[in-house]
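Notes follow once the structure below has been shown.
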There are 2 protein chains.
Amino acid sequence: MELNIDSTKNKLSTSGLKVTPQRMAILEAIYKLENHPTAENIIEYIRETHPNIATGTVYKVLDTLVEKNLIKRVKTDRDIMRYDGMMESHHHLYCSECDLIEDYVDEELDLILKNYFRDKKLPGFYLEDIVVQVRGTFDKC
Amino acid sequence: MELNIDSTKNKLSTSGLKVTPQRMAILEAIYKLENHPTAENIIEYIRETHPNIATGTVYKVLDTLVEKNLIKRVKTDRDIMRYDGMMESHHHLYCSECDLIEDYVDEELDLILKNYFRDKKLPGFYLEDIVVQVRGTFDKC
DNA sequence: TTATTATATGAGAATTATTCTTAATTAGGA
DNA sequence: TCCTAATTAAGAATAATTCTCATATAATAA
């Protein structure tokens with residue numbers, strides 16, 4: 001996770017976005033908050049330092065960041081929307097017991113899937129990305 | 001997809017659920033409506049034959065059916081909850097262009113994943129199920 | 001540095017999806 | 001058929017998200 005302020009600024013301006021305190025705060029909140037925060041989590045966290053930020057602003061900024069590929073959306077079967085600051089290709093471990101979603105990076109798996117779908121053509125479908133949802137339970141839960 | 005009325009009845013009573021017209025209608029709507037209908041889709045469809053069904057009833061019945069493993073929930077990145085009447089293990093093709101979600105059955109892929117995760121232990125995690133989300137665009141879109 | 005302008009934000013109302021509450025109804029067993 | 005627990009209708013309530021628009025601000029050029 002990227003925690004450097006200048007680099008956060010850079011990400012915004014490189015994406016053609018104006019650098020505003022709200023956007024900085026929201027982006028950094030996503031990097032800091034573990035486990036794929038909800039909009040609500042983000043709002044709560046940010047209000048500590050930016051008490052006046054409007055919820056509408058947070059939702060709008062989140063949309064903008066997703067649009068510019070600075071963050072990703074994650075959704076569970078049951079849950080509300082959550083956000084993920086890791087942009088490298090990765091998968092997720094979902095806990096059936098609690099609401100934990102853990103990032104799961106596995107290059108070997110990526111390679112296997114890539115090879116499999118390179119050979120196996122899906123007729124009428126242009127493949128862009130593959131995300132694996134691994135469901136189960138963490139021992140700690 | 002199962003379209004037989006007696007078998008629908010059977011599914012309900014086998015799951016220990018009382019057979020009511022509302023449950024029959026909702027379950028059959030899910031079988032009939034292609035492409036993973038939303039609660040709204042289902043309500044709209046059912047109102048043609050059951051004009052008085054309450055939205056709350058539909059949501060409650062859907063929850064009950066999911067709980068009894070008669071249907072599944074499907075999520076998208078952006079979308080509201082959708083429902084899937086296919087209970088066999090399967091994956092999904094998500095279209096980036098439109099809101100299409102297609103079922104994707106691939107036993108070869110299942111086998112590859114099963115073998116991979118049998119050998120590759122995820123420490124501290126008891127694996128239950130693997131679902132692959134394939135994102136891309138359909139030619140027709 | 002300042003002025004300009006397109007862009008972003010705050011405030012809160014509005015909307016949408018879903019859940020809850022309660023009284024009335026009904027399915028299925030006795 | 002009768003009884004009882006389960007189910008439903010109706011609509012109010014809630015929660016998450018979006019919208020509106022007047023105001024404020026960041027980036028750009030002078």
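This is a predicted model, so every value here is computed, not measured. Proteins get letters first, then strands, A, B, ... in listed order; numbering begins at 1 in each.
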[X] has an atom [atom1]; how far is it from atom [atom2] of [N], in whole Å?
| X | N | atom1 | atom2 | value |
| --- | --- | --- | --- | --- |
| A:Ile26 | C:dT9 | CD1 | P | 7 Å |
| A:Arg23 | D:dT25 | CZ | P | 15 Å |
| B:Leu12 | D:dT8 | CG | C1' | 15 Å |
| B:Ile43 | C:dT18 | CD1 | C1' | 10 Å |
| A:Arg82 | D:dT17 | CZ | P | 12 Å |
| A:His50 | D:dA24 | NE2 | P | 18 Å |
| B:Asp63 | D:dA6 | CG | P | 18 Å |
| B:Leu62 | D:dT7 | CG | P | 15 Å |

Looking only at atom types and distance, does a side-chain atom of B:Asp84 sit under 3.5 Å from a main-chain N or O of B:Val74, one as donor and one as acceptor?
-> no
Examine distances only and state if a side-chain atom of A:Thr137 and a backbone atom of A:Cys95 form a donor-acceptor pair shorter than 3.5 Å.
-> no
With a 4.0 Å cut-off, would you call [X] and [Y] a salt bridge?
| X | Y | answer |
| --- | --- | --- |
| B:Asp119 | B:Lys114 | no |
| B:Lys140 | B:Glu102 | yes |
| A:Arg73 | A:Asp63 | yes |

If you count the non-hydrogen atoms of other residues, nucleotides and ligands that lie under 6.0 Å from CD in B:Glu44, is the total more than 12?
-> no
Which residue, B:Glu28, B:Lys9, B:Lys60, B:Lys18, forms the side chain to side chain contact (heavy atoms under 4.5 Å, CB included) with B:Arg23?
-> B:Lys18
Is it true that the side chains of [X] and [Y] contain a donor and an acceptor less than 3.5 Å apart?
| X | Y | result |
| --- | --- | --- |
| A:Asp110 | A:His91 | yes |
| A:Ser7 | A:Asn10 | no |
| A:Asp106 | B:Tyr116 | yes |

Aromatic plane relationship, B:His92 with B:His36 - under 30° parallel, 30 to 60° tilted, over 60° perpendicular | perpendicular
Difference in axis direction between the ends of the helix from C:dT1-D:dA30 to C:dA30-D:dT1, five pairs, 10° | 40°
Close N or O pairs between protein and nucleotides 10-16 of chain D (under 3.5 Å):
{"unit_1": "D:dA10", "atom_1": "OP2", "unit_2": "B:Asn52", "atom_2": "O", "d": "3.1"}

Is any side-chain N or O of A:Gln22 closer than 4.0 Å to OP1 or OP2 of D:dT25?
-> no
Between protein and nucleotides 27-30 of chain C, what N or O pairs are separated by less than 3.5 Å?
{"unit_1": "C:dA27", "atom_1": "O3'", "unit_2": "B:Val19", "atom_2": "O", "d": "3.3"}
{"unit_1": "C:dG28", "atom_1": "OP1", "unit_2": "B:Val19", "atom_2": "N", "d": "2.7"}

